[in-house]
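For reference, the structure is listed below as structure tokens.
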Amino acid sequence: MNLDLNTIIQIIIPIGAALLAFILGYFLRKYLAEAKITSAEAEARKIIEEADKGAEAKKREAVLEAKEEVLKLRNDVERDNRERRSELQRLERRLVQKEETLDRKVDSIEKKEEGLNKKEAEIDAVKTQLSEVYKRQLNELERISGLTSEDAKQILLADIEKEIQHEAAVLIKDIENKAKEEGDKRAREIVSLAIQRCAADHVAEVTVAVIPLPSDEMKGRIIGREGRNIRAFETLTGIDLIIDDTPEAVILSGFDPIRREVARIALEKLIVDGRIHPARIEEMVEKAQKEVSNQIREAGEQASFETGVHGLHPEIITLLGRLKYRTSYGQNVLKHSVEVAHLSGLMAAELGVDIQVAKRAGLLHDLGKSVDHEVEGPHVTIGVDLAKKYRESYDVINAIAAHHGDEEPKTIIAVLVQAADAVSAARPGARRETLESYIKRLTKLEEIANSFEGVDKSFAIQAGREVRIMVKPDKIDDLSAIRLVREIANRIENELEYPGQIKVVIIRETRVVEYAK
């Protein structure tokens with residue numbers, strides 16, 4: 001093939017240009033890539049250098065903070081150490097001072113012991129000398145007196161015993177007189193104040209009740225055909241109905257005051273109604289029993305309210321109400337119990353004792369009398385059992401048990417109730433006493449006093465409140481009179497029952513008579 005040069009040149013030039021462009025492009029891209037790589041590396045180195053610089057700065061800051069913390073801890077530790085060293089030094093100084101003080105005390109004690117040892121030695125020597133002198137004097141006294149030491153000792157002890165007995169009796173008498181003066185004065189003040197502040201009404205009940213009738217014709221209705229109404233009435237009430245010659249009146253007689261009250265109310269209702277037969281009698285008796293039960297409960301509640309004693313068991317309230325219909329020597333027992341409660345409370349206030357407990361014990365002291373006709377035994381024992389049953393306090397139980405001396409009073413409350421009971425029973429007009437029992441009590445008083453050896457005469461005076469005893473002066477001296485009056489008083493307490501107290505007085509008189517001629 002024949003190609004000319006121009007054609008070849010024309011073919012080669014484009015190819016060469018393309019090849020050159022390719023080469024130039026290749027190298028240009030390589031250069032640009034290397035430039036980017038170089039720039040990126042430079043940027044990376046710059047970032048690394050900045051990061052290194054930041055890390056170094058943070059490292060330096062962390063190191064500085066750590067150094068500051070270490071320095072602070074070191075300062076705290078050094079400060080604590082300084083304070084501990086200071087405290088240890090102070091304690092050490094105190095210990096040293098105490099050791100020095102103890103050393104000085106030990107030295108002083110040792111010196112005192114040495115002095116005491118010397119004094120003991122001197123005392124032993126003196127004792128030895130005195131013992132020798134005493135023996136010589138004793139031997140000399142035995143030789144002069146002609147008595148041994150034992151004989152002289154017995155004589156001396158006997159003389160001393162007589163002298164001490166005399167002095168003891170005189171001292172006892174003085175103490176008793178002072179105690180009686182102060183005790184009587186204080187007791188009179190308390191009792192008089194209590195009586196002055198306590199006012200109570202007293203009603204004397206009897207064992208019979210008189211029922212007025214509108215006419216004598218009513219007696220026939222009450223008797224009924226062949227006496228059936230009377231029999232029904234007495235059977236239902238347990239009370240004797242006495243119809244005698246008394247005009248327009250009938251008598252109810254019975255020992256139980258509650259039954260008598262039921263019979264009285266029932267009979268009055270029958271008289272007002274006018275229809276009297278066994279069925280009607282039974283109906284009226286039932287109504288009267290309910291009415292009396294209500295009255296009993298109300299009386300107990302009133303006594304509790306009047307004395308200010310609250311919190312009593314309902315059964316105790318009922319038992320207290322029953323005392324309204326109970327009398328003792330003519331004295332209403334409920335009124336007496338209320339009065340004893342007031343007196344006990346007033347005396348407790350004067351002595352600074354619990355007033356409520358004293359009132360409670362005074363109000364309940366005769367509780368046993370409400371059922372003593374139904375339960376066997378003395379009213380004191382019955383009252384104690386009832387108080388225990390209804391869980392009263394120990395003070396109240398002891399006061400009930402001791403108010404008549406059956407037990408020893410173990411609390412001040414018991415003594416106050418005992419005194420209040422005696423005051424309420426012994427005051428004028430409180431109780432009625434028959435002439436026969438009165439004379440017997442006075443006679444018994446004189447018999448007790450005359451039964452003692454050395455008594456010449458005795459006289460019961462002041463309605464039995466005092467007994468005066470004349471003694472034989474040659475048999476009873478002043479000291480024996482003190483012993484005798486105690487024995488007589490104790491025997492009166494043990495053998496007689498009496499309200500209040502009895503004063504025992506012994507009179508010893510020596511008369512010497514001579515006639516001038």
Checklist entry - How far apart are the C-alpha atoms of R260 and R264, what are their side-chain angles, what is the distance that settles it, and do they pass the side-chain contact (heavy atoms from CB on, under 4.5 Å) test? => result CA-CA 6 Å; R260 191 170 65 248; R264 184 188 67 81; 5.8 Å; no
Item to check | Closest approach of V415 to P409 (non-hydrogen atoms, all atoms of both residues) | outcome: CG2-CB, 3.8 Å
Item to check | Distance, nearest 0.5 Å, that separates CD1 of I316 from CZ of R391 | outcome: 12.0 Å
Checklist entry - Out of curiosity, I382 CD1 to I400 CD1, how far, rounded to the nearest 0.5 Å? => result 12.0 Å
Next on the checklist: Could you measure the distance from the CG atom of L496 to the CG atom of L442? Nearest 0.5 Å is fine.
Outcome noted: 10.0 Å
Checklist outcome for this item: The side chain to side chain contact (heavy atoms under 4.5 Å, CB included) partners of I276 (sequence neighbours excluded) come to M218, R221, I222, N229, L270, I281
Checklist outcome for this item: Between D395 and V357 the two heavy atoms that sit nearest each other are CB-CG1, 3.8 Å
Checklist entry - Should V338 and L363 count as side-chain neighbours, where that means a heavy-atom distance under 4.5 Å? => result yes
Could you pull out all donor-acceptor pairs under 3.5 Å where a side-chain atom in residues 451-461 meets a protein atom, sequence neighbours excluded?
from, atom 1, to, atom 2, distance (Å)
S451, OG, I448, O, 2.6
S451, OG, R491, NH1, 2.7
S458, OG, E446, O, 3.3
S458, OG, N450, OD1, 2.8
S458, OG, N450, ND2, 3.4

Item to check | For R259, salt bridge (Lys or Arg N to Asp or Glu O under 4.0 Å) partners two or more places apart | outcome: D256
Checklist entry - For the residue pair I317 and S304, what are the closest heavy atoms and their distance? => result CD1-CB, 4.0 Å
Next on the checklist: Test of understanding: with salt bridge (Lys or Arg N to Asp or Glu O under 4.0 Å), list the residues that count as partners of R280, not counting sequence neighbours.
Outcome noted: D273, E283
Item to check | Polar side-chain atom of N398 near backbone of Y394 as donor-acceptor pair, under 3.5 Å | outcome: no
Checklist entry - Which is it for E306 and H342 under the side-chain contact (heavy atoms from CB on, under 4.5 Å) test, yes or no, and what are the steps along the way? => result CA-CA 9 Å; E306 183 178 348; H342 285 305; 4.0 Å; yes
Next on the checklist: Tell me every residue that passes side chain to side chain contact (heavy atoms under 4.5 Å, CB included) with E87, counting only those two or more places apart in sequence or in another chain.
Outcome noted: R90, L91
Checklist outcome for this item: Contacts of K472 meeting salt bridge (Lys or Arg N to Asp or Glu O under 4.0 Å) (sequence neighbours excluded), chain-then-number -> none
Checklist entry - Is there a side-chain contact between H365 and S337, using heavy atoms and a 4.5 Å cut-off? => result yes
List the atom pairs, donor and acceptor, that lie under 3.5 Å between side-chain atoms in residues 476-484 and the rest of the protein, sequence neighbours left out.
from, atom 1, to, atom 2, distance (Å)
D477, OD1, L479, N, 3.4
D477, OD1, S480, N, 2.7
D477, OD1, S480, OG, 2.6
D478, OD1, R508, NH1, 3.2
R483, NH1, E487, OE2, 3.3

Next on the checklist: I'd like to know whether CD1 of I492 has more than 12 heavy-atom contacts from other residues, nucleotides or ligands below 6.0 angstrom.
Outcome noted: yes
Next on the checklist: So which atom in A263 and which in F233 form the shortest heavy-atom distance, rounded to 0.1 Å?
Outcome noted: O-CZ, 3.4 Å
Next on the checklist: What verdict does the side-chain contact (heavy atoms from CB on, under 4.5 Å) test give for E268 and M284, after you've listed the backbone C-alpha separation in whole Å, the side-chain angles of each residue and the deciding distance to 0.1 Å?
Outcome noted: CA-CA 9 Å; E268 288 179 350; M284 290 301 179; over 6 Å; no
Item to check | Side-chain (D421) to main-chain (V417) donor-acceptor, under 3.5 angstrom | outcome: no
Checklist entry - Which pair of heavy atoms, one from Q418 and one from A402, lies closest together, and at what distance? => result NE2-O, 2.9 Å
Next on the checklist: Under a 3.5 Å distance rule, please check whether N332 uses its side chain to pair with a backbone N or O of K324 as donor and acceptor.
Outcome noted: yes
Checklist entry - Residues in side chain to side chain contact (heavy atoms under 4.5 Å, CB included) with A358, at least two apart? => result S344, A348, I413
Item to check | CD on E301 to CG on L320, rounded to 0.5 Å | outcome: 11.0 Å
Item to check | Derivation and outcome, side-chain contact (heavy atoms from CB on, under 4.5 Å), residues L364 and L312 | outcome: CA-CA 10 Å; L364 302 181; L312 293 173; 4.1 Å; yes
Checklist entry - Atom CD1 of I265 and atom OG1 of T237: how far apart are they, to the nearest 0.5 Å? => result 12.5 Å
Next on the checklist: Could you report the tightest heavy-atom contact between A288 and V262, atom names first, then the distance?
Outcome noted: CB-O, 3.4 Å
Next on the checklist: Strictly distance-based, threshold 3.5 Å: is any side-chain N or O of S131 a donor or acceptor partner for the main-chain N or O of K127?
Outcome noted: no
Checklist outcome for this item: So CD of Q302 and OG1 of T307: to nearest 0.5 Å the spacing works out to 9.5 Å
Item to check | Results of salt bridge (Lys or Arg N to Asp or Glu O under 4.0 Å) for E315 - residues two or more places apart only | outcome: none
Checklist entry - Considering the options R297, E298, E291, K290, which one meets the side chain to side chain donor-acceptor pair (under 3.5 Å) requirement together with N294? => result R297
Checklist entry - Which residue pairs satisfy the side chain to side chain donor-acceptor pair (under 3.5 Å) criterion with at least one member in residues 353-363, sequence neighbours excluded? => result R360-E392
Item to check | Any residue meeting ring pair (Phe, Tyr, Trp, His ring centres under 6.0 Å) with H313, in chain and number order, not counting sequence neighbours | outcome: Y390
Checklist entry - Is the closest side-chain heavy-atom distance between R225 and H277 below 4.5 Å? => result no
Next on the checklist: Which residues pass the side chain to side chain donor-acceptor pair (under 3.5 Å) test with Q289, not counting sequence neighbours?
Outcome noted: none
